[in-house]
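Here is how names work: the chains are called A, B, and so on, in the same order as the sequence lines, proteins then strands, and each is numbered from 1. Note that the coordinates shown come from a computational prediction; the quantities given were computed from them, not determined experimentally.
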Amino acid sequence: MNTLRQRLAPVLKRAYSTSPAAYPFSSTAASIPSSSTPTPRTTSLLTTLNRHLVSLSPLSSSYLPLFSRRHPSRLLPGSVLTISSYSTPPTAENPTPTSNSFSGVLIAIRRRHAGRDTSIRLRNTVGRTGVEVAYKVFSPLLKEIKVVSRAAWSGPAVVGKDGKEGVRRKPQLQAAKRAKLYFVRDQPARSVSLRLRTPSWTGGADILLRNTRTCRLVSVGGIVKQQRERELLAETRKGGRR
Amino acid sequence: MLGLKATMLVIDNSGALIAECVNVLKTKTGHGMARIGDEIVVVIKRARPISSAPSASSASQATKVRRGDVRRAVVVRTKYPTRRPDGRYIRFDDNAAVLVNSKKEMVGNRIGGVVAAELRSKGWGKIVSLAPKVV
């Protein structure tokens, strides 16, 4: 039986080759540009194509594990992210146009088509209004995804002096027990993920949360600000050591 | 997507609090619903009480709007998601509008809340410049 795959085999073979005239049916048609790391071919033609399209995005290698379904270091809903995106597409003449950023809690990850149509929803309260923005992860207009605070199920391990591992600490940002946090629209108090407990190692950096023992409900803005202050402190410490 | 009978907050200092849409002006779309940046005709459903004392009319306020007034407004926030050209979708938690006169001038002179950046491209630069935060 002459399957579609068998019929297109010469086309596919030539598409991944370096020869200029790859398309046999037309001399004016352009061939698929071969990437430096050729996309692994799967049984499905469309899956191969989708994976190839994803790999065209410059930061795809770092975003794919972040938003995959089962990767050990994937982002869990409840994490706080800051996304900066360009207002106009970057071109050869203007590779970095003006960008604006938005921080928020990750309330949903939508994955379709072998990762190509991955979109994430961030929610934040601006002024007194809740704002939700859905970003296309592999869009060329997306400049940077910065993980401000990663939500986790369990915090850092507590290792005693004798090397024995004790009960794990609670995580700094508790991951949500759901994949989609749409309930947060009606219960805003449960959004920023819920409770933020400061582990004692942050020391003097938690300017906003003084009492390290009790839980406090913190806003996204507070988490972003706290992370920035932590980074600044780390930088000044580095500068002092030099 | 605000059509007939849609209620929205009024976020300027004209005195109105809640407005109800009565008519959507010159939308080219077939559904006849107002999106962000569209002009609509509203009825003021709730307004701040107007005190008759002369000290109330301070330098910050020119016109005071009453309940039952029929005015024009510009939609600045919708709960219905708007699409940005790069594929982003932005959705607010409520619907909001800013009162405007027939000459497209604002009735109030201050805006108290977030507005969507679509207004700039639709020609409401004055609103965008007065807004404390634009998303």
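Residue contact with chain B, scored on non-hydrogen atoms closer than 4.5 Å, involves the side chain of A/S85 exclusively.
Contact tally against chain B (heavy-atom pairs below 4.5 Å) for A/P140, A/S139, A/A134, A/S87: the top residue is A/A134.
The number of heavy-atom neighbours closer than 6.0 Å to CZ of B/R67, taken from other residues, nucleotides and ligands shown, is 12 or below. Other residues, nucleotides and ligands place no more than 12 heavy atoms under 6.0 Å from the NZ atom of A/K146. For A/R178, the CZ atom sits in a loose shell: 12 or fewer heavy atoms of surrounding residues, nucleotides or ligands are nearer than 6.0 Å.
No side-chain heavy atom of B/K79 sits under 4.5 Å from any side-chain heavy atom of A/R185. Using a 4.5 Å heavy-atom cutoff, the side chains of A/T129 and B/R77 are in contact.
For residues 117-129 of chain B, heavy-atom neighbours of chain A at less than 4.5 Å comprise no residues at all.
Between A/R123 and B/D93 a salt bridge is recorded (basic side-chain N to carboxylate O distance below 4.0 Å).
With rounding to the nearest 0.5 angstrom, the CG atom of A/L141 is 8.5 Å from the CZ atom of B/R88. Taken to the nearest 0.5 Å, the CD atom of A/E132 stands 11.0 Å off from the CZ atom of B/F92.
Nearest heavy-atom pair across A/K136 and B/G87 is CG-O, 3.8 Å.
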